[in-house]
Amino acid sequence: MNTNTESQNLEASMSVLLMSMASSSFMAMGHTPDPQTGKTSVDKNMSRFHIDLLVILKEKTKNNLTADEQNLLDHLIQDLQMKFLQLK
């Protein structure tokens with residue numbers, strides 16, 4: 001029996017998936033630390049990979065997302081692409 005309340009409160013959803021992918025891209029850009037090591041590092045290829053995954057997801061889910069999900073996806077892609085371009 002799992003007594004961890006965080007695990008019990010997790011609910012799989014499109015928004016959670018999108019945020020997870022975006023978090024991975026932010027981490028690869030060095031904006032957030034790796035939760036396992038606590039260290040930040042830049043891996044432009046991995047960041048680009050996660051952004052590309054979000055773009056593919058946008059294309060493949062066209063007309064199948066709620067307005068809120070579509071808005072979140074659009075904003076995440078735009079924000080990530082802008083931050084990616086600012087990487088040195």
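Numbers for residues simply follow the sequence, beginning at 1. As the structure is a computational prediction, the values presented were derived from the model and not from experiment.
What you find for Ser25 and Ile51 is that their closest heavy atoms are OG-CG1, 3.4 Å.
Taking 4.5 Å as the limit, every side-chain heavy atom of Gln78 sits out of range of all side-chain heavy atoms of Leu73.
Remark: Leu80 CG to Leu54 CG distance equals 6.5 Å, nearest 0.5 Å. Asp34 contributes atom CG, which lies 10.0 Å from atom OG1 of Thr40 (distance to the nearest 0.5 angstrom). A distance of 6.0 Å separates OG of Ser47 from CG of Leu87, quoted to the nearest 0.5 Å. Atom CG of Leu53 is separated from atom CD1 of Ile77 by 10.5 Å, given to the nearest 0.5 angstrom. The CG atom of Leu57 sits 12.5 Å away from atom CG of Asp52, with the distance rounded to the nearest 0.5 Å.
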Tabulate below the donor-acceptor pairs under 3.5 Å that side-chain atoms of residues 11-18 make, not counting sequence neighbours, or state none.
residue: Ser13; atom: OG; partner: Val16; partner atom: N; Å: 3.2

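For the side chain to side chain contact (heavy atoms under 4.5 Å, CB included) test, residues two or more places apart in sequence or in another chain that qualify with Thr32 are Phe26, Met27. Ser24 meets the side-chain hydrogen bond (donor to acceptor under 3.5 Å, both in side chains) test with no other residue; sequence neighbours excluded. Considering only residues two or more places apart in sequence or on other chains, His75 meets the side-chain hydrogen bond (donor to acceptor under 3.5 Å, both in side chains) condition with Asn71. In this structure, the side chain to side chain contact (heavy atoms under 4.5 Å, CB included) partners of Met46, at least two apart in sequence or on a different chain, are Ala28, Asp43, Phe49, His50. Gln81 meets the side-chain hydrogen bond (donor to acceptor under 3.5 Å, both in side chains) test with no other residue; sequence neighbours excluded. Residues meeting the side-chain hydrogen bond (donor to acceptor under 3.5 Å, both in side chains) test with Lys44, sequence neighbours left out: none.
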Verify side-chain contact (heavy atoms from CB on, under 4.5 Å) between Met21 and Leu76, making sure each step is shown before the conclusion.
CA-CA 10 Å; Met21 294 170 75; Leu76 286 173; over 6 Å; no
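Gln70 contributes no side-chain N or O that, together with a main-chain N or O of Ala67, makes up a donor-acceptor pair within less than 3.5 Å.
Among pairs with a residue in residues 53-63, those fulfilling side chain to side chain donor-acceptor pair (under 3.5 Å) read Lys58-Asp74, at least two apart in sequence or across chains.
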